[in-house]
Amino acid sequence: MKSLVPARACIAVRHLACWCLLICVAIAATPHASARPASSGEVTAKPAFLQLSQLRRTLFTVKDGLPSTIYAITEDKDGYLWLGAPTGLFRFDGLNVEPMLKGRLPPEAITALYGDRDGNLWIGGVHGAVTRVHNGIAEPMNRGLSEATIMSFKQMADGTLWVVTSGRVYRLDDGAWRPAGPSEGIDAKFMWVTGTGVDGSYWIFTPGAAYRLRPGTRRFERDTVDKGIAAMANLPAGTVYPSAGVTADLIVDQAGALWVPTNGKLTRLHADNPSGQQQLVTENVEASDNHSDIQVTADFSDSQGNVWIATTNGLEQFRTTRFVPLVLPLAVLWPAMTEDSDHGLWIVSNSDTPPLHIGETVTTHPELGGSAPCVASSPDGSVWFSGDKGIQHYIHGQVSEIPAPPVPGPQALPANLKQYCVAMQLAADGSLWVSMRFSGVVRWDGHAWNAIEPRMATSIQLEGTRAWLAFSSGKLKSVEQGKTTAYSAQNGLDLGGLNKLRQGISGLWIAGDGGISVKTGAHFHRLVGTHGERFENAYDVIQLPDGDVWIASPRGLYRVTGTEIRLALAAADHAVAYTLFDPADGVENPRRLLASDNGRLWVSTLQGLVSIDALHMPPIPAAARVSIKSINDHDMRFSGASVPALEKGTRSITIAYTAPTLSTPSESHFRYLLKGIDDDWQVASDRREAHYANLGTGHYLFQVEASDADGAWTGQPTDLAFQILPEFYQTWWFKVLCLAIALAGLGLLYLMHVRHIYAQLNARTRERERMARDFHDTILQNFQSLLLHVEVAARSVTEDAVKRKLAKALSVTENALNEGRDKIGELRSLTEPLEDLPTDIARQANRLSEMYPTAFSMHVEGKPRPLNAAAAGDVHAIVGELVTNAFRHSEASALHVELHYGRRELNITVIDDGRGADLPALMHGKSGHWGLQGIRERARRIGGRFTIGTAPSGKGTRATLRISARFVYAGRQWLR
C-alpha cells in the first residue's frame, strides 16, 4: 500500500498542472458525431474509416488476474503486453495475466514501460528508478538521472533512446543519461504528456508548448499546443481545442485517429475528407458500464492495431474484426437484404424499421411501410417488398402496389405478408414468385396470382425457366413448364429439413438441418469437413465467382475454398478443409448471406449486418511464436533461462506454454509433441498446458507450436530439451553392479555344481578303494584259507574218486581266487589314470571286427592326454558301449571314431553308416544292454553332454560325447 501513495500523489500533481495545458478535445458535435433516425430522403455521409461502434470492445478486470490499477502499458519484441502497476510488473498474453520479476525490481510504483527493438524492456518508477530487463536479468540504469517521476521512453529510428521525466528530457549515451537542453531545442522545466505521431515523430507537451522530434534528427522543434495536436494526427489546422485535464499519453491508432484521455472523458479524433474538404470528427468513448465517467490511467496502441485503455474499471481493448459491422441509423431484427442494379444495398427487417438503402448515402424509406420480411431486386433496377402495406414495387423513386395473394379458404382473404411471407424471388421473365406460410407458393405474372404449390416452400431458386422449391420436410421440387419433379432421401438428398437454395458455378447448393449438399447433374454430393464437421443446421449457403463456398450456421460462418470444393466433387470421401468465423471475427449467429458484384460478402445477424471483402480477404496476423513458461516448478519464462535437470525419481511432468495472442486468443490453437513418447502431434486446441505421466529417466525433447486464426501451423515449433535424473537404483553403474552380482552368483552356482561333480567322482573312487580293501581282507583271505584246507584234504585222501573231486574243488577255488584278484585289480586300476584311450578303443574295435564285417577307422585330433581315474571308467564304458552297439546292431559297413583333445573339452564322436539307431529302444533299454538312459546317466555323472541322432549323410547314426577338460583330463583338478 505504501507504493500507491506516491503514485497517486504524482497523478494528482499531473491533474492540477493539466488545467494549464492547452491540449484539447473537440466537444462540438459534427455531422458524424451521432447517428439518429433519418426521415425519407435524409442523407448521412458514409464514414471514411471505422467508427467506434464498428470496433469490438473487450473488458478485462481483476477477475482475469489484472492489477486493480495500471499506470503503464507497452508491448515487447515478442508481442506480449506488459503492464505496470503500483503492485509490480505483469505480462499479458491476451488470455492470462501473470506477475513478473517479483523481488527483482525497485520497490516503487511503475509509471512508464517501453519495449525496444533489441528486446529490452525499460521500466520507470514514480521516484525516478530506471531498470532495463533483458532475458529476465534486471539491471539498474539510473546513472545521470535525477529523482523525478519517469513518464515515458522512446527509441527513434536511429536507435537513440530518450526518456522523459516530469522535470527533464534525457538521452542515453554510453550507458549514462545525458540531459537535453537548449542545444537540442528543449527549454522547458516541466513535462506533462508525450505521444508518437502518425509519421513516427516523438511529441512532448508542456503546459505552454509542444516539442517535436522528427525521425532521423536529434533536435526538437517547438510549436504551439494546438498545432502540435493537429500535426500529431493530421487533424484540421486552426481548430479550437478547449483545455481539459489529460490523464495519460496521447496515442494515434493504426487508422490515424488520435485518442485523448481527459479528466472523466476519452475522446477519439480523426479527420474526414468529404468533397475534398477536411473536417474534424469527434467520438466520445463511453465507460464500459455506460453510466459513470471514464477515468483513463494508461493507454497504448499495439503492433496489431489494438488500442488498450486502462481505466478504473479494468483494461479495455478496442480492435477491428475481420467482418466489419455496418453502422445503421435504425435498429433492425434479422434483416433481409438485396442489391439493386446500382450496387446499392437494400435492407428490410421484421421490426418496425422501414427499409433502408445503403449507397453513397444511407437513406430511410418510411413510405415503403414499417417492416418487410421479404425483399427482391430486378435487373431493371426495381425492388420488390412484402410488408404491412402489401407487395410494393419500387423503381426510380416511384412506388406501386399489387394485391396480396389470397389465402386459400371459403372467403379467399388477402394474406398478411408481414406475418406470412417466407421467400420471394424474381424470374427472368419478370414474374414474381412468393412463398407464403398459409398460401403455399404463388406466382404473379403481372396480372394475377397463379397457385404453384399448396405447401409453403422455405426457399425459392429460379434458374431460367425452372423453379426450385425447398421444403421443411426435406423434399426438393423442380417446376418447369407445368412439370414437377420431386427429390428426397431416396435420390440421395438426405439433409432433413431444407432451409436455403442457391445456384452456384458448381451446381445447385442446398442448406439443410443435416448439412450441405450440391446437385450436379442427377447426383447429390454431401459436403463433409475435416475433424468430422458436417455443417449441420445450416441457414444459408452461397458460392462466389471464385468458387469459394460460404455457409451460415449457429456455430458461425464457414468458408470452404474453391480448390477444396473441386476436390470434394472429384472424390466423394474427401473431407474439405474450412475456416470458421465466429464472434471473435465479428460474426455472431449469422442467418442470411448476400454477395455483391464487387466481391463484398454481406452477412445478416440478429441485430445488424457485417461484411468482408471475400475476394480480397484481409490479412490475418501470423501465428505467434510459442514460449515455454515452466516445466514442473522451474520457471522458463525468459529465453536466457537454463533448463535444469529434473529431480531424481520424477515420473510426471507438466509443461506450461503460451503465445502472445492479443487480438483473438480464442482462435489460436496449439499442438505439441514429446519425442519418443508421442507418435504424432497432440492437438491441444486453446489449452496452454501439457501433462505426461509414467516417464522414465533420460533425455527428452518437447516441441510445441501455435496456429494462426485460420488454423495454419507455423511449421517452426519451439523446442524444450530436458533431462530426468535417475535415482541411484536407476543409474548405469547400479545396473552394472547388479549384473556383476548376478554373474557372480551364476558363477558361484556353477562352481558349486562343478564341486558337486568332483565330490561324486571322488566318492566313487574312495568307494572302489574301500571295496577293494574289504574284498581283499575278507573274501580273498577266506578263499585263500579254503584253498589251503582243500589242498591239505587232497593230500590226505587216497581214494582216487575222492581225490579227483577234491582236485576239482581245488581248481574251482583257485579260479575264484584268481577272479577275485582280477576284480580287485580292476577296482584298483580305476583309481589310477588310464594313459591311452585311443589304444583301448582300437583294441576293442579290432576284436569285434573279427566277428562282424564292419570296417573300422579312427581319427585323433590334438595331443592325446591321460584321463583322470574318476572319469576314465565312465568314458571307456560309454565309448565301448557305443562301439560295441555299432558293430553288433547297426549292420554298418563302416564305423568311424573321432577323438578331439581340445583345450577346453574332450570331444568323442562315433559315426556309422548302418540302418540307424532305434532311439525309442535305446531310450528304454534292452535286455543285456546299457541302453541310452544309462549312457546319459554316466555322461551327467562326469559332467558331460551326450547327444545321438542321424549321421550327417542322412544314413546311419552319429553319437557325440563332450566333456569339459577340467572334469576329464588328469591333472586338471584345480577346482576341487
Side-chain angles (χ1 to χ4, degrees), residues 734-772 826-838 840-841 860-883 885 897-910 917 919 922-925 929-949 957-976:
F734 182 81
K735 295 177 181 178
V736 171
L737 178 61
C738 291
L739 179 61
I741 293 174
L743 293 176
L746 293 175
L748 181 61
L749 292 175
Y750 180 70
L751 291 177
M752 293 174 64
H753 174 66
V754 171
R755 289 176 62 86
H756 176 68
I757 292 176
Y758 273 116
Q760 286 184 321
L761 295 175
N762 291 334
R764 290 178 61 222
T765 301
R766 289 192 297 271
E767 181 65 19
R768 289 175 181 274
E769 293 174 346
R770 185 191 63 78
M771 291 174 61
E826 291 178 5
L827 289 174
R828 288 292 185 181
S829 66
L830 291 175
T831 63
E832 301 297 334
L834 295 177
E835 298 296 336
D836 195 353
L837 177 61
D840 292 343
I841 296 174
V860 180
E861 184 178 350
K863 182 180 179 181
R865 304 177 64 174
L867 308 182
N868 66 61
D874 286 324
V875 172
H876 278 265
I878 292 173
V879 178
E881 181 72 14
L882 292 174
V883 171
N885 287 342
V897 177
E898 292 183 356
L899 296 177
H900 176 71
Y901 289 89
R903 187 173 62 87
R904 296 182 179 275
E905 67 178 11
L906 172 62
N907 189 345
I908 304 172
T909 303
V910 180
L919 296 181
L922 292 175
M923 179 64 71
H924 297 89
H929 295 272
W930 283 98
L932 182 61
Q933 184 63 26
I935 294 176
R936 292 186 184 277
E937 290 176 356
R938 285 182 179 274
R940 284 197 300 268
R941 189 162 57 192
I942 60 177
R945 301 185 302 278
F946 175 75
T947 60
I948 186 169
T957 304
R958 174 178 177 172
T960 302
L961 176 66
R962 297 175 182 270
I963 313 171
S964 177
R966 64 172 60 94
F967 295 151
V968 70
Y969 292 153
R972 295 295 299 272
Q973 303 183 27
W974 55 272
L975 286 174
R976 290 188 177 184

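Below, each value reflects all heavy atoms present in this structure, side chains not excepted, and no hydrogens, waters or symmetry copies.
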Could you grab the distance from atom CZ of R903 to atom CZ of R865, nearest 0.5 Å is fine? 10.0 Å

Positive for side-chain contact (heavy atoms from CB on, under 4.5 Å) with V910, one of N885, T957, L882, T960: L882

What's the shortest heavy-atom distance between A939 and I878, and which atoms? N-CD1, 3.8 Å

Nearest heavy-atom neighbours spanning L867 and A872: CB-CB, 3.9 Å

Evaluate the side-chain proximity of I948 to I935: yes if any heavy-atom separation is below 4.5 Å, no if none is. no

Walk me through it: do N868 and Y969 pass the test side-chain contact (heavy atoms from CB on, under 4.5 Å)? CA-CA 5 Å; N868 66 61; Y969 292 153; 5.8 Å; no

Do side-chain atoms of R936 reach the backbone of F946 as a donor and acceptor pair under 3.5 angstrom? yes

Euclidean distance, H900 NE2 relative to R962 CZ, rounded to 0.5 Å: 8.5 Å

side-chain contact (heavy atoms from CB on, under 4.5 Å) between I942 and V968, worked out: CA-CA 8 Å; I942 60 177; V968 70; 6.0 Å; no

Which is it for V875 and I908 under the side-chain contact (heavy atoms from CB on, under 4.5 Å) test, yes or no, and what are the steps along the way? CA-CA 10 Å; V875 172; I908 304 172; 3.9 Å; yes

If you define the side chain from C-beta out and look only at heavy atoms, does anything of D840 sit under 4.5 Å from V879? no

Rounded to the nearest 0.5 angstrom, the CD-CG distance for E937 and D874 is 11.0 Å

